[in-house]
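The structure presented is a predicted model; accordingly, all values stated were derived computationally and were not measured. Each ligand, and each atom within it, is numbered from 1 in the order the structure gives. Along the sequence shown, the residues carry numbers beginning at 1.
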Amino acid sequence: EKGGYEHFMLKEIYEQPRSIRDCMRGRIYPQQGKVQLGGLKEYADKLKNVDRIIIVACGTSWHAGLVGEYLIEEYARVPVEVEYASEFRYRNPIITEKDVVIAISQSGETADTMAAIELAKEKGATIFGICNVVGASIPRTTHAGVYTHAGPEIGVASTKAFTAQVSVLTLIAFYIAQQRGTIARNKLIEYLTELNEIPELVEKALKANDHIQTIAAKFKDSRNCLFLGRGSSFPVALEGALKLKEISYIHAEGYPAAEMKHGPIALIDEEMPVVVIATKHSSYEKVISNIQEVKARGGKIIAVVTEGDTEVRNMADYIMEIPQTAEPFVPLLATIPLQLLSYHIAVMRGCNVDQPRNLAKSVTVE
Ligand code: M6R
């Protein structure tokens, strides 16, 4: 049932070109510059006039929510707050009937997320779900929603469910932008055409697997690891760190690259690998300065770069290339090498990657 792969996690990493495709099927019309989300249709007017969106989730799903925040604010121009479900529900949050709450959950059974939904519902908010498991408790409780259609995810470490959540959030951002008229039709045609190519680009990114395995071999005995990114690559860095810590038990932290100088830089020495997302997009030059700060202190840089990049290649100790893409889709591609890196490190350390210690696939306790 692992389809010839050694672990479910690897199988699920490799399923992503298909799962992202499935997630977009029937929802995007690139030539017409149109996004259609059947599940949200009844709420099109509500979204057109919404003042604020609150995203609630836990773990990897919370990271997807942070990517969603960047996309919705950038393209739909609606303020977004992203909350850990467990914090949200215990602090008397300010919610009204005008609010739209989006709950993200792979399993659709996470107790904290469920409790946050109940609370927001009591206060009269409109609740949407982004779930993977059809008919689970969360999609049954929400007013409406969009399924991710990633297929069953068996590995405890979330991989294809994350990229499917990010895909759905990308669609939701464009959908709201379309309702509100905050994106030009031409731009939407351009972006949707590019989004339609993402499954092939993910396929291409997966081809770096053998190279990433050789990098993993160099860092398998590390005790700590930092992950840095800016903009929408910051949540990707957080997700990279979570993946590494949960399956390899190496202590890892994700930080916004510019925050490094406010504290974590004290940790940098020859023993400290720093994984940096340094693709050729808006904060490229800034990230290069952050790489120089790490190098000046003897840190080892593993950089995720845009294919063909030479500037970062000359500075970094190791590079992992991803294909060129438009800015909104970077999270979908930059996630791939980080998943593979964690996977190989964990396997080399003899860890049980599909069922890491102390973890369960769905957390049904609060
Ligand atoms: O099923 P959910 O998406 O609600 O689960 C939330 C978290 O427990 C989950 O994302 C967890 O962080 C992942 N297993 C990490 O890989």
Enquirer: Which ligand 1 atoms are under 4.0 Å away from a heavy-atom of S158?
Expert: 16 (O)

Enquirer: Is the closest basic N to carboxylate O distance between E97 and K46 below 4.0 Å?
Expert: no

Enquirer: Work out whether the distance between some heavy atom of V156 and some atom of ligand 1 is less than 4.0 Å.
Expert: yes

Enquirer: Near S105, which atoms of ligand 1 are under 4.0 Å from a heavy atom of that residue?
Expert: 1 (O), 2 (P), 3 (O), 4 (O)

Enquirer: Main chain of C23, side chain of R27: is a donor-acceptor contact present, judged purely on distance under 3.5 Å?
Expert: yes

Enquirer: Around atom CD of E81, are there more than 12 heavy atoms from other residues, nucleotides or ligands closer than 6.0 Å?
Expert: yes

Enquirer: Below 4.0 Å from ligand 1: does a non-hydrogen atom of S362 turn up there or not?
Expert: no

Enquirer: How close do K361 and V156 get, heavy atom to heavy atom, and via which atoms?
Expert: NZ-O, 3.5 Å

Enquirer: Considering non-hydrogen atoms of the protein only, which is the closest contact for atom 13 (C) of ligand 1, and what is the distance?
Expert: T60 OG1, 3.8 Å

Enquirer: With respect to Q106, determine whether any N or O atom, backbone or side chain, lies less than 3.5 Å from an N or O atom of ligand 1.
Expert: yes

Enquirer: For ligand 1, which atoms sit closer than 4.0 Å to a heavy atom of S61?
Expert: 2 (P), 3 (O), 10 (O)

Enquirer: Give me the residue, atom name and distance of the protein heavy atom closest to atom 7 (C) of ligand 1.
Expert: C58 O, 3.7 Å

Enquirer: What atoms in ligand 1 come closer than 4.0 Å to a heavy atom of A157?
Expert: 16 (O)

Enquirer: Which protein heavy atom lies closest to atom 8 (O) of ligand 1, and at what distance to 0.1 Å?
Expert: V363 CG2, 4.0 Å

Enquirer: If you measure from atom 1 (O) of ligand 1 to every heavy atom of A103, S107, G155, A136, which option wins on shortest distance?
Expert: S107

Enquirer: Are I319 and I277 joined in one hydrophobic group, where the rule is that I, L, V, M, F, W and Y side chains link up if heavy atoms are under 4.5 Å apart?
Expert: no

Enquirer: Please say whether the positively charged group of R357, taken as NZ for Lys or CZ for Arg, lies over the ring of Y249, i.e. under 6.0 angstrom from the six-membered ring centre and within 45 degrees of the axis.
Expert: yes

Enquirer: Can you see whether T60 engages K243 through a side-chain donor-acceptor pair at a distance of less than 3.5 angstrom?
Expert: yes

Enquirer: Can you tell which part of K243 has a heavy atom less than 4.0 Å from ligand 1: side chain, backbone, both or neither?
Expert: side chain

Enquirer: Looking only at side chains, do S362 and E109 share a donor and an acceptor under 3.5 Å apart?
Expert: no

Enquirer: Tell me the protein heavy atom at minimum distance from atom 5 (O) of ligand 1, and give that distance in Å.
Expert: T110 OG1, 3.5 Å

Enquirer: Any donor and acceptor pair, going by atom type alone, linking the side chain of E73 with main-chain N or O of Y70 inside 3.5 Å?
Expert: no

Enquirer: Side chain, backbone, both or neither: which part of E246 comes within less than 4.0 Å of ligand 1 when only heavy atoms are counted?
Expert: side chain

